[in-house]
S.K.: 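For reference, the structure I am asking about is given below.
Letters go in sequence order (proteins before strands), and every chain restarts at 1.
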4 protein chains.
Amino acid sequence: MARSQRTEERRRELVKAAFDCVAEKGFEGLRLRDVAARVGLDHSTVHHYFPGKQDLVTGIVDYATQQFWTPGAPVGDLDDHLGMLARLISERPALFLVLRELDLRATRDAEVRAIVESRERGWRDALAARVQPGHVELVIAVVKGVSLTPGLAGQVLSQLRTLLKGSA
Amino acid sequence: MARSQRTEERRRELVKAAFDCVAEKGFEGLRLRDVAARVGLDHSTVHHYFPGKQDLVTGIVDYATQQFWTPGAPVGDLDDHLGMLARLISERPALFLVLRELDLRATRDAEVRAIVESRERGWRDALAARVQPGHVELVIAVVKGVSLTPGLAGQVLSQLRTLLKGSA
Amino acid sequence: MARSQRTEERRRELVKAAFDCVAEKGFEGLRLRDVAARVGLDHSTVHHYFPGKQDLVTGIVDYATQQFWTPGAPVGDLDDHLGMLARLISERPALFLVLRELDLRATRDAEVRAIVESRERGWRDALAARVQPGHVELVIAVVKGVSLTPGLAGQVLSQLRTLLKGSA
Amino acid sequence: MARSQRTEERRRELVKAAFDCVAEKGFEGLRLRDVAARVGLDHSTVHHYFPGKQDLVTGIVDYATQQFWTPGAPVGDLDDHLGMLARLISERPALFLVLRELDLRATRDAEVRAIVESRERGWRDALAARVQPGHVELVIAVVKGVSLTPGLAGQVLSQLRTLLKGSA
DNA sequence: AATGAATGAGTTTTCATTCAT
DNA sequence: TATGAATGAAAACTCATTCAT
């Protein structure tokens with residue numbers, strides 16, 4: 001049987017709160033108690049929605065990757081895409097910090113890796129249709145790397161665009 | 001008086017062990033017990049060498065950044081440098097994973113940030129002498145981004161080199 | 001909302017147990033583990049009721065001073081009062097030992113000092129209404145001093161009473 | 001064989017330092033490391049002079065009680081004696097705080113009790129020769145009680161003297 | 001669905017003590 | 001005599017988890 005609507009709503013709230021915690025203190029600093037407090041619940045109640053901490057983490061991974069890449073969303077041409085990315089990184093730096101944290105965690109956690117890779121595949125495919133084959137991973141590397149210094153995203157991605165165009 | 005040679009040696013051992021722990025389990029999974037066990041010491045003895053965990057962390061940061069960038073080491077031209085980086089990433093992927101973990105941690109920890117930024121400055125200066133002004137941050141972003149998928153380092157950095165040359 | 005009745009009851013139990021520990025081994029020997037064991041709880045559960053050790057200590061101070069001086073309780077004349085004190089010291093020597101321990105601790109701990117002084121003020125006021133101004137502190141000194149040799153409380157306080165009467 | 005002079009000197013230094021520690025933080029806060037540091041020694045060296053912590057404590061007890069009551073010292077009449085006590089409490093409040101701490105510790109520590117009682121006997125004898133039999137313990141109680149509020153020593157002991165004289 | 005009591009494993013840290021040098 | 005390395009026991013505290021209600 002499907003989860004009730006109310007339950008789904010609460011789950012979303014908790015995931016969002018957990019995401020915010022990670023954004024603030026990293027996965028290292030993720031505490032069920034803090035998450036519960038943000039939503040105004042007792043910490044033990046969290047277990048009604050997520051059996052264990054790992055399940056909540058999975059929820060965060062799902063949420064964060066979805067914020068970055070919603071499957072099926074329209075993408076536009078390369079210029080549009082890089083511009084959108086630059087804007088997104090500037091406007092939501094925390095999201096990209098969390099995404100990088102996810103990349104690292106994926107290294108050690110198969111479940112996280114599965115979700116992250118699955119979502120990244122969508123992005124990779126979209127890029128493959130817009131740049132030369134050899135440049136896909138380069139673009140990805142730049143985006144990931146510049147996530148760590150969000151303030152430079154606009155400048156760096158603009159440089160990248162110029163270089164890619166020049167080589168076309 | 002300076003610390004004895006024996007003490008310095010032990011400290012290095014401990015930092016190295018701690019670095020390995022972080023490489024395996026992330027900062028999140030860094031346990032003084034594990035570090036001590038790796039060196040064959042009682043965990044309380046670690047406090048003989050490092051007053052608290054944070055001091056050990058500082059040691060790790062110092063060690064890792066130094067592995068990547070030893071101030072004063074000869075750099076060569078851009079081709080050499082990018083080639084060296086590609087090799088280093090391929091050969092010591094764990095080091096670059098830890099470095100990225102450091103970038104994230106620097107976000108929330110001023111002490112870590114200070115060390116990381118100081119070491120990065122050396123690298124940035126070296127790059128500034130080898131690429132157009134606007135490209136420094138682009139190179140940095142690529143290196144950082146490709147740290148997360150070390151297997152692609154060779155390919156990606158090679159592409160980058162080609163693009164940078166084409167634009168020169 | 002106020003703490004539940006059940007919670008308050010447990011807190012009282014714990015404070016009482018902690019008080020007994022101090023009576024037996026002094027503040028120096030106060031261990032959360034022992035306190036928990038006395039009540040039949042896991043030591044970590046104590047933190048459910050008192051965030052930290054200091055909070056439990058505060059509870060002890062509150063409890064002990066209240067055992068000695070309940071604000072608003074009827075006092076009687078000086079004879080009654082000194083007699084009551086002599087009896088109390090003889091019957092509950094541990095309480096007075098703890099109270100003296102509190103006096104010492106108050107020297108170094110502002111929180112303890114605040115509670116102790118506040119309770120003592122009530123006693124001081126009651127005395128002020130029953131002896132000549134200059135004798136208030138004398139009575140207090142005798143009571144405190146004789147706490148350390150409870151067996152002599154009856155004799156010493158009786159002597160004090162005689163002297164005070166003779167000077168009236 | 002007797003201990004060398006140098007050793008005795010060091011022992012005295014250490015006991016004095018330990019006494020100061022207790023005066024500042026209570027027995028509860030007595031740390032061998034702090035004591036050693038005050039004397040400028042490594043903490044493990046303390047064990048050359050005192051096999052264990054308890055031996056150092058014994059030294060403190062001996063030192064403190066001797067500061068208060070040196071056997072064989074001239075005493076003078078009651079007025080002199082009470083005046084001397086008032087002065088001593090005012091001038092060296094820490095000594096009297098430590099003495100009270102000793103009284104409490106004597107409750108639980110037979111070794112401490114033995115020393116404390118032995119020294120107190122000398123004082124008690126001297127008092128017995130100067131006040132009525134029933135008043136000895138009263139004087140002792142006052143002195144001990146007023147140790148806890150050294151600022152009032154002059155006033156309180158003066159009152160006591162007046163009362164004792166009036167009853168003679 | 002929600003709470004709060006209780007647990008137990010685990011973490012850093014402290015400290016007296018011992019031992020080799 | 002003195003040091004510093006090393007230990008081990010014990011401390012407070014944290015936190016995910018379970019369970020009865």
S.K.: What's touching nucleotides 18-21 of chain E from the protein side, N or O pairs under 3.5 Å?
M.R.:
none

S.K.: What integer distance in Å separates Leu32(B):CG from dT12(E):P?
M.R.: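 Taking atom P of dT12(E) as the reference, CG of Leu32(B) is at 5 Å.
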S.K.: Kindly point out which of dT3(F), dA11(F), dA16(E) is positioned nearest to the side chain of Leu41(D)?
M.R.: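 Looking only at heavy atoms from C-beta outward on Leu41(D), the closest nucleotide is dT3(F).
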S.K.: Select one nucleotide: of dA16(F), dT3(E), dA6(E), the one nearest the side-chain heavy atoms of Thr45(A).
M.R.: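 That would be dT3(E).
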S.K.: Check the distance between dA16(F)'s P and Glu28(B)'s CD and give it to me in whole angstrom.
M.R.: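 Glu28(B) atom CD is separated from dA16(F) atom P by 11 Å.
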S.K.: Write out all pairs satisfying salt bridge (charged side-chain N to carboxylate O under 4.0 Å, His left out) with one or both partners inside residues 44-64 of chain D, taking only residues at least two apart or from two chains.
M.R.: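 For residues 44-64 of chain D, and leaving out neighbouring residues, the salt bridge (charged side-chain N to carboxylate O under 4.0 Å, His left out) pairs sorted by first residue read Asp62(D)-Arg119(D).
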S.K.: With a non-hydrogen cut-off below 4.0 angstrom, is Arg33(A) in contact with a base, only sugar-phosphate, or nothing?
M.R.: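 Base: the residue Arg33(A), judged by heavy atoms under 4.0 Å, touches a nucleobase.
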S.K.: If I take atom CD1 from residue Ile60(B) and atom CZ from residue Phe50(B), how far apart are they, to the nearest 0.5 angstrom?
M.R.: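 Taking CD1 in Ile60(B) and CZ in Phe50(B), the distance rounds to 8.5 Å.
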S.K.: Are Glu13(D) and Arg10(D) close enough for a salt bridge, meaning some N to O gap below 4.0 Å?
M.R.: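 Arg10(D) and Glu13(D): salt-bridged.
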S.K.: Going by an N to O cut-off under 4.0 Å, is there a salt bridge joining Arg108(A) and Glu101(B)?
M.R.: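 Yes, Arg108(A) and Glu101(B) are salt-bridged.
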S.K.: Answer whether the closest heavy-atom distance between the side chains of Gln54(A) and Glu111(A) falls below 4.5 Å.
M.R.: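 Yes, side chains in contact.
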S.K.: Any non-hydrogen side-chain atom of Phe27(A) less than 4.5 Å from a side-chain atom of Leu102(A)?
M.R.: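 Touching, per the 4.5 Å side-chain cut-off.
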S.K.: In whole angstrom, what separates Leu30(B)'s CG from dT13(E)'s P?
M.R.: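 Distance, rounded to whole Å: 11 Å.
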S.K.: Quick check for you: to the nearest 0.5 Å, what is the distance between Ser118(C) atom OG and Ile115(C) atom CD1?
M.R.: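 One gets 8.0 Å once the value is rounded to the nearest 0.5 Å.
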S.K.: Once you round it to whole Å, what is the distance between C1' of dA12(F) and NZ of Lys53(C)?
M.R.: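 Result: 8 Å.
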S.K.: Is the closest basic N to carboxylate O distance between Asp20(A) and Lys16(A) below 4.0 Å?
M.R.: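 Judged by the 4.0 Å cut-off on N to carboxylate O distance, Asp20(A) and Lys16(A) do form a salt bridge.
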S.K.: Only Watson-Crick and G-U wobble pairs, only distances under 3.5 Å, only runs of 3 or more: what stems does that leave for DNA chain E?
M.R.: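 Output for stems: E:2-21 with F:2-21.
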S.K.: Specify the separation, in whole Å, of atom CZ of Phe50(B) and atom P of dT11(E).
M.R.: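 For the pair Phe50(B) CZ and dT11(E) P, the rounded distance is 20 Å.
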S.K.: In Å and rounded to the nearest 0.5 Å, what is the CG to CZ distance from Leu56(D) to Arg11(D)?
M.R.: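 CZ of Arg11(D) is found 9.0 Å from CG of Leu56(D).
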S.K.: Which residue pairs pass the salt bridge (charged side-chain N to carboxylate O under 4.0 Å, His left out) test when at least one of the two sits in residues 33-50 of chain C, sequence neighbours left out?
M.R.: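 Listed once each, the pairs are Glu24(C)-Arg38(C).
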S.K.: Are Val35(A) and Leu41(A) packed together at the side-chain level, in the sense that at least one heavy-atom pair is separated by less than 4.5 angstrom?
M.R.: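 With C-beta onward as the side chain, the pair stays apart.
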S.K.: Would you compute the distance between atom CD of Gln67(C) and atom CZ of Phe96(C) and round it to the nearest 0.5 angstrom?
M.R.: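 Between Gln67(C) CD and Phe96(C) CZ, I get 10.0 Å after rounding to 0.5 Å.
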S.K.: For DNA chain E, which residues of residues 5-27 of chain C approach it to below 4.0 angstrom with any heavy atom?
M.R.: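 Residues of residues 5-27 of chain C under 4.0 Å from DNA chain E: Arg6(C), Thr7(C), Arg10(C).
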S.K.: Counting side-chain heavy atoms from CB outward, which of dA16(E), dA16(F), dG8(F) is closest to Asp42(B)?
M.R.: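 Selected nucleotide: dG8(F).
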S.K.: How long is the span from the NZ atom in Lys25(B) to the CZ atom in Arg31(B), to the nearest 0.5 Å?
M.R.: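 So the NZ of Lys25(B) and the CZ of Arg31(B) are separated by 8.5 Å.
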S.K.: Round to the nearest Å and state the distance from Asp34(D) atom CG to dC15(E) atom P.
M.R.: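 Rounding to the nearest Å, CG of Asp34(D) and P of dC15(E) are 8 Å apart.
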S.K.: Looking at dG4(F), I'd like to know if its phosphate oxygens (OP1 or OP2) sit under 4.0 Å from a side-chain N or O belonging to Tyr49(B).
M.R.: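 Tyr49(B) to dG4(F) OP1/OP2: no side-chain N or O under 4.0 Å.
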S.K.: Contact list please: residues 54-64 of chain A against DNA chain F, heavy atoms, distance less than 4.0 Å, in numerical order.
M.R.: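 Within this stretch, nothing sits under 4.0 Å of the strand.
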S.K.: Report yes if the side chains of Arg100(B) and Asp103(B) come closer than 4.5 Å at any heavy-atom pair, otherwise no.
M.R.: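 Yes, side chains in contact.
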